[in-house]
K.L.:
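Below is a structure I'd like to ask you about.
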Amino acid sequence: ERAEDIPILAEQFVQRFAERMGRPVRAISADTMRLLMGYRWPGNVRELENAMHRAILLAVGPEIDELAIRLPDGQP
């Protein structure tokens, strides 16, 4: 319902999980952010949080790209 909150929440989750896991804090690419904002997130903010946790583990390179995102409905 509040897609405008997604960038702020996603970046906060990236920061938190990167610090906890001793991983570099990576920026979220523009294409990835569009993907995140276009998804409905039926399970609310917890699903976004879980997706960003996985993204920290899967990301390679300087940014979190679309390949690092696994949406709750199983879409890569």
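All values below were derived from every heavy atom in this structure, side-chain atoms included, with hydrogens, water molecules and symmetry-related copies excluded.
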K.L.:
Quick one: pull up CD in Glu47 and CZ in Arg40 and give me the separation to the nearest 0.5 Å.
P.N.:
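One finds 12.0 Å between CD of Glu47 and CZ of Arg40.
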K.L.:
Examine Val25 and Leu57 and state if one hydrophobic cluster contains both, with Ile, Leu, Val, Met, Phe, Trp and Tyr joined whenever side-chain heavy atoms are less than 4.5 Å apart.
P.N.:
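Linked, Val25 and Leu57 end up in one cluster.
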K.L.:
With hydrophobic residues grouped by side-chain heavy-atom distances under 4.5 Å, do Leu67 and Tyr39 end up in a single group?
P.N.:
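No, Leu67 does not connect to Tyr39 through the hydrophobic network.
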K.L.:
If you define the side chain from C-beta out and look only at heavy atoms, does anything of Glu11 sit under 4.5 Å from Met33?
P.N.:
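Touching, per the 4.5 Å side-chain cut-off.
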K.L.:
Would you check if Leu35 and Leu71 make a side-chain contact, meaning some heavy-atom pair closer than 4.5 Å?
P.N.:
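Contact flag for Leu35/Leu71 side chains = yes.
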K.L.:
Arg26 side chain to Gly61 main-chain N or O, any donor-acceptor pair under 3.5 Å?
P.N.:
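Present.
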K.L.:
Test side-chain contact (heavy atoms from CB on, under 4.5 Å) on Phe17 and Arg23 and set out the steps.
P.N.:
CA-CA 8 Å; Phe17 290 123; Arg23 303 257 181 165; over 6 Å; no
K.L.:
Between Glu19 and Gln15, is any side-chain donor less than 3.5 angstrom from a side-chain acceptor?
P.N.:
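Distance-only check passes for Glu19 and Gln15.
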K.L.:
Could you tell me if the side chain of Glu49 sits less than 4.5 Å from the side chain of Arg16, heavy atoms only?
P.N.:
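Yes - at least one pair of side-chain heavy atoms lies under 4.5 Å apart.
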K.L.:
Please determine whether side-chain contact (heavy atoms from CB on, under 4.5 Å) holds for the pair Met21 and Ile56, giving the CA-CA distance in whole Å, both sets of side-chain angles, and the decisive distance to 0.1 Å.
P.N.:
CA-CA 9 Å; Met21 293 186 285; Ile56 291 297; 3.1 Å; yes
K.L.:
So does Arg70 get a backbone contact from the side chain of Arg54, meaning a donor-acceptor N/O pair under 3.5 Å?
P.N.:
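Yes; judged by distance alone, with no hydrogens or angles, the pair exists.
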K.L.:
Rounded at 0.5 Å granularity, tell me how far CZ in Arg2 sits from CG in Asn44.
P.N.:
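Output value for this atom pair is 12.5 Å.
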K.L.:
Find out if a path of hydrophobic residues (ILVMFWY) with successive side-chain heavy-atom gaps under 4.5 Å connects Met52 to Leu58.
P.N.:
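Looking at the clustering, Leu58 is in a separate group from Met52.
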K.L.:
Counting N and O atoms only, with roles assigned by atom type, does the side chain of Ser29 sit under 3.5 Å from a partner on the main chain of Asp65, one being a donor and the other an acceptor?
P.N.:
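Checked: no pair found.
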K.L.:
What's the shortest heavy-atom distance between Pro7 and Met37, and which atoms?
P.N.:
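That closest heavy-atom pairing would be CG-SD, 3.7 Å.
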K.L.:
Show the nearest heavy-atom pair for residues Ala55 and Ile64, with the distance to one decimal.
P.N.:
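Ala55 and Ile64 have their closest heavy atoms at CB-CG2, 3.9 Å.
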K.L.:
Please answer whether the main-chain N or O of Leu36 pairs with a side-chain N or O of Trp41 as donor and acceptor at a distance below 3.5 Å.
P.N.:
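Answer holds: yes.
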K.L.:
Can you give me the closest heavy-atom contact between Ala18 and Pro24, atom names plus distance?
P.N.:
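Closest heavy-atom pair between Ala18 and Pro24: CB-O, 3.8 Å.
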